[in-house]
Visitor: 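Right, I'll just put the structure down here and ask away after.
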Amino acid sequence: KKIVTAAHCVHDPGVFTVRIGLQNRSSPNSPKISVSNVRIHPTWIKETKKGIDIAVVTLEKNVQPDSHIAYGVLQTKELSIGENVTIYGWGWIKEYNSTHGESPDKLQKTNLTVKAPMKKGFLTVQYKNKTICRGDSGGPLMSKDGKIAGVCSHGTGSKLPDHICFLGDLNYYTKVSEFIDWIMQQ
């Protein structure tokens, strides 16, 4: 009944719904469920986009696992530098202008490597020309054993001309293990 996401991705309850188990946008098998509550980490400042970028969304009804839906298990231990992880997202594949772009039809994923921590509360990941793109925010970073270890927050660096991603630059994911107590209390 709960979903962990980025604080900068959420709005007031009743304003948005969540699609569960979506792997293909045209799939009719992905139910939309209304949100009953949103809890944003108390350090997050919406106006400045500073603080711990994590939120817990409570759905109006429970979700039953099936062939497309599984309950996520949260990572409780630190990941090691150099550890391989997998990220998932619906980030843009084409940009129309600075506020509108085209998302893929199918959920995207790629493998990255954990780098030295650069900011408290975040996992830093990178791998050659693989990165997050606009629209990937709130998506999961999965450990090699399939646990949710991070929540996509932001990328850094200079955007390449005519490109919506920050190729080769660092990607920041809010570190789930550091905020596990807060998450579980929501």
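Values in this document were obtained by computation on a predicted structure and should not be read as measured data.
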Visitor: With a 4.5 Å cut-off on side-chain heavy-atom distances among I, L, V, M, F, W and Y, is there a chain of contacts connecting Ile40 to Val18?
Guide: yes
Visitor: Taking the six-membered ring for Trp, are His41 and Phe179 parallel (under 30°), tilted (30 to 60°) or perpendicular (over 60°)?
Guide: perpendicular
Visitor: Pairing donors with acceptors under 3.5 angstrom, does anything connect the side chains of Ser177 and Gln75?
Guide: no
Visitor: Gln186 side chain to Trp182 main-chain N or O, any donor-acceptor pair under 3.5 Å?
Guide: yes
Visitor: Please answer whether the main-chain N or O of Asn62 pairs with a side-chain N or O of Gln64 as donor and acceptor at a distance below 3.5 Å.
Guide: no
Visitor: Evaluate the side-chain proximity of Lys61 to Val63: yes if any heavy-atom separation is below 4.5 Å, no if none is.
Guide: no
Visitor: Answer yes or no on whether Arg25 is positioned over the face of Trp90, meaning its NZ or CZ is under 6.0 Å from the six-membered ring centre and within 45° of the axis.
Guide: yes
Visitor: Following the transitive rule for hydrophobic clusters with a side-chain heavy-atom cut-off under 4.5 Å over Ile, Leu, Val, Met, Phe, Trp and Tyr, establish whether Leu107 and Ile33 coincide in one cluster.
Guide: no
Visitor: Using every non-hydrogen atom in the two residues, find where Leu123 and Ala149 come nearest and quote the distance to one decimal.
Guide: CD1-O, 3.4 Å
Visitor: Report yes if some heavy atom in the side chain of Lys50 is under 4.5 Å from a heavy atom in the side chain of Trp44; otherwise report no.
Guide: no
Visitor: Quick one: do the Asp53 and Ser153 side chains pair a donor with an acceptor below 3.5 Å?
Guide: yes
Visitor: Can you name the side-chain contact (heavy atoms from CB on, under 4.5 Å) partners of Lys144, sequence neighbours left out?
Guide: Glu83
Visitor: Donor-acceptor check, side chain of Asn84 to backbone of Thr113, threshold 3.5 angstrom: yes or no?
Guide: no
Visitor: Look at atom NZ of Lys1 and say whether more than 12 heavy atoms of other residues, nucleotides or ligands are closer to it than 6.0 Å.
Guide: yes
Visitor: Would Tyr88 end up clustered with Leu22 when hydrophobic side chains under 4.5 Å apart are linked, directly or stepwise?
Guide: yes
Visitor: Quick one: closest heavy-atom pair of Val35 and Val38, and the distance?
Guide: CG1-CG2, 3.8 Å
Visitor: Ignoring hydrogens and angles, tell me if any N or O in the side chain of Thr43 forms a donor-acceptor pair with the backbone of Ile52 under 3.5 Å.
Guide: yes
Visitor: Would you say the side chain of Val125 lies within less than 4.5 Å of the side chain of Val85, judging by non-hydrogen atoms?
Guide: yes
Visitor: So, do Leu74 and Ile183 sit near enough that their side-chain heavy atoms are less than 4.5 Å apart?
Guide: yes
Visitor: Ignoring hydrogens and geometry beyond distance, is a side-chain donor-acceptor pair present between Thr58 and Lys2 at under 3.5 Å?
Guide: yes
Visitor: If every non-hydrogen atom of Pro104 is compared with every non-hydrogen atom of Gly91, which pair is closest and at what distance?
Guide: CD-O, 3.1 Å
Visitor: Would you indicate whether the side-chain heavy atoms of Glu78 and Lys175 approach each other to under 4.5 Å?
Guide: yes
Visitor: Less than 6.0 Å separating the ring centroids of Tyr173 and His154?
Guide: no
Visitor: For Ile148 versus Pro140, what's the shortest heavy-atom pair and its separation?
Guide: CG2-CB, 4.5 Å
